[in-house]
K.L.:
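My questions all concern the structure below.
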2 protein chains.
Amino acid sequence: MTEWHRLKKDALPANVTADDVAAAANVSRWTVNRAFKKDASISPKTREKVMQAANELGYLPDLRAAALASDRSHLVALLVDDFANPHKLVMLERLTRALRSRGWDTLLVNTLNRDDAAPAIANASQRRVDATILIGIQFDDEVLRAAHTARRFKKLIIFARTSENPDTISIAVDDEAATSEITQYVMERGYERPLYLAGPRTVSAHLKRKETFLALWQKHLNTTPESVSVPAYDANLAADAVTITLSERPKAELPDIIVCENDALALGTIDAIRHRLGLRVPNDIAVIGFDDVPQAESPNYRLTTYRQPLTDMANYLVDVLENVETSDLDRTFCGRLVVRDSA
Amino acid sequence: MTEWHRLKKDALPANVTADDVAAAANVSRWTVNRAFKKDASISPKTREKVMQAANELGYLPDLRAAALASDRSHLVALLVDDFANPHKLVMLERLTRALRSRGWDTLLVNTLNRDDAAPAIANASQRRVDATILIGIQFDDEVLRAAHTARRFKKLIIFARTSENPDTISIAVDDEAATSEITQYVMERGYERPLYLAGPRTVSAHLKRKETFLALWQKHLNTTPESVSVPAYDANLAADAVTITLSERPKAELPDIIVCENDALALGTIDAIRHRLGLRVPNDIAVIGFDDVPQAESPNYRLTTYRQPLTDMANYLVDVLENVETSDLDRTFCGRLVVRDSA
DNA sequence: AGTCATTTTGCACGCGCGTGCAACAAAAAA
DNA sequence: TTTTTTGTTGCACGCGCGTGCAAAATGACT
């Protein structure tokens with residue numbers, strides 16, 4: 001505590017600029033900024049001298065001024081419109097870590113209220129972000145349009161979701177390949193009456209999981225499985241939907257597996273099966289998810305699910321940011337099925 | 001899709017400045033910026049004229065330049081070092097919403113790796129954030145010191161956690177009052193052998209929950225309850241700790257209630273009681289939490305817990321940001337006990 | 001029409017750094 | 001030593017807006 005006050009009192013003036021450092025180190029201001037710039041043309045001796053003076057004065061370059069002068073902010077806006085899915089927390093962690101480790105900062109923009117989306121995007125563009133990232137949200141055309149028409153718009157990246165929109169860069173797992181792997185697993189394990197539990201359908205960038213699953217099942221077994229949609233990726237809503245759909249149903253007509261569009265739905269489904277329908281997982285009804293959230297490996301879920309390579313995807317995202325090109329940057333990744341006990 | 005391309009093609013030049021608008025509206029550049037500034041001295045007619053020209057040109061003020069010139073960025077850094085607790089997602093949502101609704105933007109800084117903390121804080125200070133907010137994290141003295149010595153440091157706010165540090169503003173629930181309410185409830189319901197499950201102990205800003213609970217119990221019943229600490233607020237770690245602590249114990253010596261420092265621990269505890277110890281909640285062992293995360297009301301937890309008034313706290317935080325004062329801004333809030341079925 | 005109080009508008013200067021080129025110094029080749 | 005090559009440093013100008021004050025315009029009141 002005493003140390004605190006010492007530090008506070010000793011604190012150097014807050015407004016140290018490159019000029020001050022330049023004076024102290026006997027060089028020009030430009031040399032000072034060079035010292036802080038990687039790969040700049042400066043001799044090691046001078047850099048050393050400058051850095052020492054900078055340390056003594058407590059100088060660090062002002063990123064606002066740098067952004068203004070260079071027109072590159074090294075800042076991205078991350079739009080999130082869904083805070084109910086714990087997987088978002090994992091994504092935030094991975095993305096912020098990958099970005100920060102390579103010099104990028106993240107503006108977190110809450111677009112949970114659809115009305116907030118357009119103003120929030122406009123605001124981000126006023127900060128002159130170098131890119132706008134939409135993470136796996138249920139954004140619609142309106143949001144995309146707002147993002148696109150915003151001033152100084154540079155890159156619009158859709159993360160963990162595919163979009164066929166040509167003005168957009170999407171970085172996601174290959175839904176068709178993933179769903180195909182899941183479907184094959186379900187068939188091999190001998191499940192016969194699947195129920196597909198999907199999230200909300202969006203226009204601009206929906207997941208191709210449900211369609212792929214239904215199509216594959218139709219193709220191989222010539223029947224179309226039942227499917228149910230939930231208006232949000234929320235475990236409680238999923239539990240409600242499962243309960244309503246199945247509670248009055250005779251045991252013989254129950255599905256033997258519920259394939260969920262993601263883990264949030266899958267976890268709610270397991271809860272409903274156990275606590276509202278009074279059945280067992282996987283014995284009575286199996287469940288399979290998508291994402292591999294941390295809870296999936298909890299001993300009382302042991303959820304079989306598909307894991308996305310989030311770290312790779314996040315790193316690729318930074319590659320995209322640092323790339324000057326604008327086209328053909330879309331890319332899909334492959335994850336893997338993590339088999340546990342729920343299916 | 002066609003509309004997209006139209007928009008893209010019609011897009012106005014990205015570098016519209018106030019000068020362009022000024023020329024179009026036949027006023028000076030300063031008048032243009034006045035039109036965008038609330039409470040500025042400008043006549044309604046002129047403002048109208050300017051705004052119309054601005055709309056046509058698609059002009060919005062550049063916040064980088066504004067921040068540089070005014071030395072106020074309306075930007076805060078939000079430091080998070082714990083992405084395992086779903087409650088963080090709720091906090092992020094509440095904070096970003098409150099901030100944005102009043103014109104503030106949020107820089108999300110991941111300090112999960114302790115080594116990243118100091119550089120990340122330095123970086124935020126290079127962006128000249130108006131405040132640094134630590135949200136309920138296990139930050140230690142080192143992080144506080146880094147935040148404090150950073151250049152251009154303005155306000156350091158500790159959210160949802162109390163700190164006795166004088167250079168810090170803390171906005172949190174009153175842990176003592178809350179724990180007192182919880183303790184009273186536990187006693188009234190006739191529980192006799194509580195086990196307190198705590199998270200990691202930190203030096204700078206720890207929760208006063210455990211100490212208060214133990215002290216109150218000691219005071220009223222003259223016995224000190226057993227307590228266990230977990231190295232992180234992680235449901236799986238809590239489940240492990242509970243299992244290790246209780247699995248070999250004769251039934252008569254088991255606690256009749258486990259009081260948890262927060263919901264992340266409580267949820268893990270319930271899982272462990274049910275699935276690893278094979279006991280029932282609350283019949284064999286009751287559980288009580290803290291935070292009221294969304295999952296707490298899920299039908300298969302029905303967790304009795306203490307809800308923090310996050311929205312009020314977030315709004316107060318913005319009040320603090322907009323306040324010029326620096327001292328005596330600390331404040332504690334009162335939440336309420338949400339009684340469900342787990343205790 | 002003239003005076004004065006009150007808005008409303010214009011402007012010089014500064015915020016701190018990047019860009020690109022010119023000037024300079026140092027090391028390499030002649 | 002002189003010339004060339006390479007490496008290093010300095011600088012004019014601009015990025016877009018805020019601050020504070022002075023000039024101009026407006027309106028109220030004789």
Side-chain angles (χ1 to χ4, degrees), chain A residues 13-51 53-54 57-75 103 123 125-130 151-152, chain B residues 13-51 53-54 57-75 103 123 125-130 151-152:
Chain A
N15 51 346
V16 198
T17 83
D19 284 304
D20 301 330
V21 180
N26 241 341
V27 295
S28 70
R29 175 178 70 70
W30 294 272
T31 302
V32 173
N33 290 132
R34 266 195 203 94
F36 280 89
K37 188 177 176 185
K38 223 176 144 57
D39 305 324
S41 151
I42 185 173
S43 77
K45 283 164 292 184
T46 330
R47 170 171 269 152
E48 175 71 19
K49 186 173 58 174
V50 169
M51 290 312 248
L57 295 174
Y59 169 79
L60 284 176
D62 182 327
L63 260 33
R64 294 171 307 182
L68 183 58
S70 72
D71 203 37
R72 290 187 295 104
S73 59
H74 274 234
L75 186 64
N123 188 267
S125 88
Q126 288 184 259
R127 297 245 178 227
R128 303 298 186 250
V129 295
D130 286 340
R151 303 291 75 205
R152 297 289 182 129
Chain B
N15 51 346
V16 199
T17 83
D19 284 304
D20 300 330
V21 179
N26 240 339
V27 294
S28 72
R29 174 176 73 69
W30 293 272
T31 302
V32 172
N33 290 133
R34 266 195 202 93
F36 279 89
K37 189 177 175 185
K38 223 174 144 55
D39 305 324
S41 153
I42 186 174
S43 76
K45 284 163 290 185
T46 334
R47 172 171 267 151
E48 174 72 18
K49 186 174 58 174
V50 169
M51 290 311 247
L57 295 174
Y59 168 80
L60 284 177
D62 183 326
L63 260 34
R64 293 172 306 183
L68 182 58
S70 71
D71 203 36
R72 290 188 295 102
S73 59
H74 274 234
L75 186 64
N123 187 266
S125 88
Q126 288 184 259
R127 298 245 178 227
R128 302 297 187 249
V129 295
D130 286 339
R151 302 292 75 206
R152 297 290 181 127

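Computed from a predicted model, the values in this text were never measured in an experiment. Chain A is the first sequence line, chain B the second, and so forth, proteins listed ahead of strands; every chain is numbered from 1.
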K.L.:
When the distance from CG of B:D19 to C1' of D:dG14 is rounded to whole Å, what number comes out?
P.N.:
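Spelled out: CG on B:D19 to C1' on D:dG14 is 12 Å.
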K.L.:
Just the rounded figure in Å: distance from P of D:dC17 to NE2 of B:H74.
P.N.:
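Taking NE2 of B:H74 and P of D:dC17, I get 16 Å after rounding.
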K.L.:
Taking atom CZ of A:R128 and atom CG of A:D71, what is their separation to the nearest 0.5 Å?
P.N.:
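Reported to 0.5 Å precision, the distance equals 8.0 Å.
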K.L.:
Less than 4.0 angstrom between a side-chain N/O of B:K49 and OP1 or OP2 of C:dT9, yes or no?
P.N.:
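No, no such contact exists.
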K.L.:
Who passes side-chain hydrogen bond (donor to acceptor under 3.5 Å, both in side chains) against A:R29, sequence neighbours left out?
P.N.:
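Scan of A:R29 (side-chain hydrogen bond (donor to acceptor under 3.5 Å, both in side chains), adjacent residues dropped) gives A:N33.
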K.L.:
Could you give the CD-to-C1' distance, from B:Q126 to C:dC17, as a whole number of Å?
P.N.:
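Computing the B:Q126:CD to C:dC17:C1' distance gives 12 Å.
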K.L.:
Which value, rounded to the nearest 0.5 Å, describes the distance between A:I42 atom CD1 and A:F36 atom CZ?
P.N.:
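These two atoms lie 10.0 Å from each other.
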K.L.:
Would you please name every residue forming a side chain to side chain contact (heavy atoms under 4.5 Å, CB included) with B:A65, sequence neighbours left out?
P.N.:
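Expected list: A:L68, B:D62.
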K.L.:
When you get a sec, tell me which of C:dC13, C:dC17, D:dG16 is the closest nucleotide to the side chain of B:A65?
P.N.:
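Per side-chain heavy atoms of B:A65, the pick is D:dG16.
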K.L.:
Looking only at side-chain atoms of B:P61, point me to the closest of D:dT8, D:dC17, C:dC17.
P.N.:
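That would be D:dC17.
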K.L.:
How many whole angstroms separate atom CG of B:L63 from atom P of D:dC17?
P.N.:
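Going from B:L63 (CG) to D:dC17 (P), I get 10 Å.
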K.L.:
From B:R127 CZ over to A:R127 CZ, what is the distance, rounded to the nearest 0.5 angstrom?
P.N.:
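Interatomic distance, B:R127 CZ to A:R127 CZ, rounded to 0.5 Å: 10.5 Å.
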K.L.:
Where the side chain of B:A66 is concerned, which of C:dC17, D:dG18, D:dG16 is the nearest nucleotide?
P.N.:
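Among C:dC17, D:dG18, D:dG16, the one nearest the side chain of B:A66 is D:dG18.
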K.L.:
Rounded to the nearest 0.5 Å, what separation is found between the NZ atom of A:K49 and the CE atom of A:M51?
P.N.:
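Atom-to-atom, A:K49:NZ and A:M51:CE are 14.0 Å apart.
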K.L.:
Taking only residues two or more places apart in sequence or in another chain, which ones pass side chain to side chain contact (heavy atoms under 4.5 Å, CB included) with B:A67?
P.N.:
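Listed in chain order: A:R64, B:S73.
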K.L.:
How long is the line joining CZ of A:R128 and C1' of D:dC15, in whole Å?
P.N.:
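It works out to 11 Å between those atoms.
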K.L.:
Within this structure, what is the CZ-to-C1' distance between B:R64 and D:dC17, rounded to whole angstrom?
P.N.:
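Result: 11 Å.
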K.L.:
Rounding to 10°, can you tell me the angle the first-five-pair axis of the helix from C:dA1-D:dT30 to C:dA27-D:dT4 makes with its last-five-pair axis?
P.N.:
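End axes: 30° apart.
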K.L.:
Examine D:dT8: is either OP1 or OP2 under 4.0 Å from a nitrogen or oxygen in the side chain of A:T31? Give yes or no.
P.N.:
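Answer no for this pair, as no side-chain N or O of A:T31 is under 4.0 Å from OP1 or OP2.
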K.L.:
Using nucleotides 20-27 of chain C, report all nitrogen or oxygen pairs with the protein that are shorter than 3.5 Å.
P.N.:
none

K.L.:
D:dC15 phosphate, OP1 or OP2: any side-chain N/O from B:T17 under 4.0 angstrom?
P.N.:
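Answer is no, no contact under 4.0 Å.
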K.L.:
Can you tell me which nucleotide in C:dC17, D:dC17, D:dT9 comes closest to the side chain of A:D62?
P.N.:
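Nearest to the side chain of A:D62 among the choices is C:dC17.
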K.L.:
OP1 or OP2 of C:dC15 sitting under 4.0 Å from any side-chain N/O of B:S70?
P.N.:
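For C:dC15, OP1/OP2 do not have a side-chain N/O of B:S70 under 4.0 Å.
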K.L.:
Kindly write out the residues that satisfy side chain to side chain contact (heavy atoms under 4.5 Å, CB included) with B:S70, not counting sequence neighbours, or none if the list is empty.
P.N.:
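For B:S70, the residues satisfying side chain to side chain contact (heavy atoms under 4.5 Å, CB included) (neighbours in sequence not counted) are B:R72.
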K.L.:
Which of these nucleotides, D:dT9, D:dC17, C:dT9, is closest to any side-chain atom of B:I42?
P.N.:
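Nearest listed nucleotide: C:dT9.
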K.L.:
Report the distance from atom CG of B:D71 to atom P of C:dC13, rounded to the nearest whole Å.
P.N.:
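After rounding, the gap between these two atoms is 22 Å.
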K.L.:
Go through the structure and list residues passing side chain to side chain contact (heavy atoms under 4.5 Å, CB included) with A:A24, not counting sequence neighbours.
P.N.:
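Residues passing side chain to side chain contact (heavy atoms under 4.5 Å, CB included) with A:A24: A:A53, A:L57.
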K.L.:
Rounded to the nearest Å, what distance is computed from the CZ atom of residue A:R29 to the P atom of nucleotide D:dG10?
P.N.:
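My rounded result for the distance is 12 Å.
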K.L.:
Could you pull out all residues at least two apart from B:D130 that satisfy salt bridge (Lys or Arg N to Asp or Glu O under 4.0 Å)?
P.N.:
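For B:D130 the salt bridge (Lys or Arg N to Asp or Glu O under 4.0 Å) partners, ignoring immediate neighbours, are B:K154.
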